[in-house]
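This chain uses plain numbering: 1 for the first residue, then up along the sequence.
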Amino acid sequence: MSLTRSGDRPWMKWVLLAAGIYNLVWGAWVIARPMDLFDMTGIARPIYPGIWQCVGMIVGVYGIGYAIASTNPLRHWPIVLVGFLGKIFGPIGMLQNVWMVPVGTPGRLPASWLWLNVTNDFIWLLPFGVILYASFNAWNDPSHRSGLDVGDSGLGPKTRWSSVADANANVRTQLGATIQQLSQGRNALVVFLRHSGCTFCREALAEIARDRAAIESDAAIVLVHMGSEDPKSQAYFDSYGLGDVHRISDPLCELYHAYELRRGHVGQLFGASVWWRGFKAAILKRHFVGKLGGDGFQLSGSFVVRDNQITKSVRYESAADRADYCALAKS
């Protein structure tokens, strides 16, 4: 399935095509006239110019790769990643040679060679990084896994339900109950979780486990997660003492979409406040971080449902947001 509709932009194609042409031209120049750069910068010509010509060949081959990647930037992200890494490590090696090798040492390059890093590396770093981010976003999007196109709405895939009430009546927990049944005549606290490796998901589960008795005195707890319903998930929730709590497996994030929970953008996922809260949750509170287990871009939220109607909603604006579960349960 093509990923162009889930994050690709025309400029990505043109940037990669331009990078491909640049690399091919630069590589051909070095192969055809290996001494030019040395003469232009006033340093001695190399004894073995074939080694420098090999560098030109490698750069030219990268150009072919970028041209291929330009046909579908998000699908060909490994090529972009290899180029991105080269544009990080190349300047590091150049700086090490220019600034850390004493002047007069044989083989030391002049500072003028740093201009090569500007045109060969630095001007491409930001667009390549944006392409990689967009690719990661697209491949994590549940609409990619479900084959549904939702454009740029920021929501997950379309759902099979006509409304939240319809979803509540048809989605069952691992214990066989629906949200509609659990909310009859009482509150049901429906908590949508981040992916299982997220430190904020782990923090939320720890807080729910800590306050479980107080919450359940006012509401039935329903956890919605992005994992499959299997022994691994059971063990995960058991580790928090929540293995017997009603939970709904929603790997395609259809229920997240029905409740209008959005996928986050860069600031909502990696902003300064998120990093700070993440440090406190992961390190100071020792929730740590695990393997990505679901859509890493999906934001979460908490809802109070009574008689199959949402009576209170808290849709998080960043990955680091949290709710007062006890207060919600009493709503």
Can you list the steps and then say if Arg263 with Asn140 is a side chain to side chain donor-acceptor pair (under 3.5 Å)? CA-CA 10 Å; Arg263 302 180 79 237; Asn140 272 270; over 6 Å; no

Give a yes or no answer on whether the side chain of Gln174 reaches the backbone of Glu229 with a donor-acceptor pair at less than 3.5 Å. no

Got a sec, which hydrophobics cluster with Phe279, joining ILVMFWY side chains under 4.5 Å apart, including via others? Trp276, Ile283, Leu284

Which heavy atom of Cys326 sits nearest to which heavy atom of Asp211, and what is that distance? SG-CB, 3.6 Å

Hydrophobic cluster partners of Ile47 (side-chain heavy atoms under 4.5 Å): Tyr48, Ile51

With sequence neighbours excluded, what pairs up with Glu317 under the salt bridge (charged side-chain N to carboxylate O under 4.0 Å, His left out) test? none

Once ring-ring contact (aromatic ring centres under 6.0 Å, His included) is applied, what residue pairs with a partner in residues 304-331 remain, sequence neighbours excluded? none

Should Ile208 and Leu223 count as side-chain neighbours, where that means a heavy-atom distance under 4.5 Å? yes

Would Met100 and Ile88 show up in the same hydrophobic cluster when neighbours are defined by side-chain heavy atoms closer than 4.5 Å? no

Taking side chain to side chain contact (heavy atoms under 4.5 Å, CB included) as the definition, give me every residue that meets it alongside Met57, ordered by chain and number, with sequence neighbours left out. Ile31, Val61

Main-chain N/O of Val59 paired with Asn23 side-chain donor or acceptor, under 3.5 Å: yes

Determine the minimum heavy-atom distance between Arg186 and Asp218, stating which atoms define it. NH2-C, 3.8 Å

How would you list, by chain and number, every residue that makes a salt bridge (charged side-chain N to carboxylate O under 4.0 Å, His left out) with Asp307, sequence neighbours excluded? none

For Thr173, side-chain hydrogen bond (donor to acceptor under 3.5 Å, both in side chains) partners two or more places apart: His246

Short side-chain to backbone donor-acceptor contact, Tyr240 and Ala204, under 3.5 Å: no

Is it true that Asp321 and Arg194 make a salt bridge, defined as a side-chain N closer than 4.0 Å to a carboxylate O? no

Can you check side-chain contact (heavy atoms from CB on, under 4.5 Å) on Leu37 and Leu116, steps first, answer last? CA-CA 10 Å; Leu37 272 173; Leu116 280 178; 4.1 Å; yes

State whether Phe128 and Lys87 meet the cation-pi test: NZ (Lys) or CZ (Arg) under 6.0 Å from the six-membered ring centroid, and within 45° of the perpendicular axis. yes

In the hydrophobic clustering (ILVMFWY, side-chain contacts below 4.5 Å, transitive), which residues join Val289, or is it alone? none

Can any side-chain N or O of Gln184 pair as donor or acceptor with the backbone N or O of Gln180 at less than 3.5 Å? yes

Within the structure provided, determine whether Met94 and Leu114 are in side-chain contact (heavy-atom separation under 4.5 Å). yes

With sequence neighbours left out, what residues match Tyr22 under side-chain hydrogen bond (donor to acceptor under 3.5 Å, both in side chains)? Thr119, Asn120

Quick check on Trp77: does its CH2 atom have over 12 non-hydrogen neighbours (other residues, nucleotides or ligands) under 6.0 Å away? no

Find out if a path of hydrophobic residues (ILVMFWY) with successive side-chain heavy-atom gaps under 4.5 Å connects Phe84 to Ile58. yes

Do Ser70 side-chain atoms and Leu16 backbone N/O form a donor-acceptor pair below 3.5 Å? no

How far apart are the closest heavy atoms of Met226 and Asp295, and which atoms are they? SD-N, 3.3 Å

Quick one: closest heavy-atom pair of Pro91 and Asn117, and the distance? CA-ND2, 3.6 Å

Could you go through the side chain to side chain donor-acceptor pair (under 3.5 Å) check for Asn170 and Asp166 one step at a time? CA-CA 6 Å; Asn170 287 282; Asp166 183 29; 2.8 Å; yes

Same hydrophobic cluster for Leu81 and Leu125, using side-chain heavy-atom links shorter than 4.5 Å among ILVMFWY? yes

Applying the 4.5 Å side-chain criterion to the ILVMFWY set and letting contacts propagate, would Val98 and Leu95 be lumped into a single cluster? yes

Evaluate the side-chain proximity of Lys280 to Lys285: yes if any heavy-atom separation is below 4.5 Å, no if none is. no

Using a 3.5 Å distance criterion without hydrogens, assess whether the side chain of Ser302 forms a donor-acceptor pair with backbone atoms of Ala323. no

What are the two closest non-hydrogen atoms of Val274 and Gln268, and how far apart are they? CG2-O, 3.5 Å

Val224 vs Phe303, side-chain contact (heavy atoms from CB on, under 4.5 Å): CA-CA, chis, key distance, verdict: CA-CA 11 Å; Val224 184; Phe303 301 82; over 6 Å; no

Side chains of Leu255 and Trp161 in contact at under 4.5 Å (non-hydrogen atoms): yes

When you measure from the side chain of Arg108 to the backbone N and O of Val101, does any donor-acceptor pair fall under 3.5 Å? yes

Apart from Leu292 itself, what residues make up its hydrophobic cluster, given side-chain heavy atom links below 4.5 Å? Tyr133, Phe136, Val266, Leu269, Phe270, Trp275, Phe297, Leu299

Please collect all salt bridge (charged side-chain N to carboxylate O under 4.0 Å, His left out) contacts where either partner lies in residues 264-279, sequence neighbours excluded, each pair once. Glu203-Arg277

Who are the salt bridge (charged side-chain N to carboxylate O under 4.0 Å, His left out) partners of Arg33, not counting sequence neighbours? Asp36

Is any side-chain heavy atom of Leu189 closer than 4.5 Å to a side-chain heavy atom of Ile215? yes

Would you confirm whether Ser318, through its side chain, and Ala320, through its main-chain N or O, come within 3.5 Å as a donor-acceptor pair? yes

Test of understanding: clusters of I, L, V, M, F, W, Y form through side-chain heavy atoms closer than 4.5 Å, transitively. Do Leu242 and Leu175 belong to the same one? no

Does Trp113 have its ring centroid less than 6.0 Å away from the ring centroid of Phe38? yes

Is a donor on one side and an acceptor on the other found under 3.5 Å between the side chain of Ser183 and the backbone of Asn308? yes

Nearest 0.5 Å please: distance from the CG atom of Leu17 over to the CD1 atom of Ile68. 12.0 Å

Minimum heavy-atom separation for Ala329 and Asn187, please, with both atom names. O-ND2, 2.9 Å

Taking the side chain from Trp139 and the backbone from Leu74, do they hold a donor-acceptor pair closer than 3.5 Å? yes

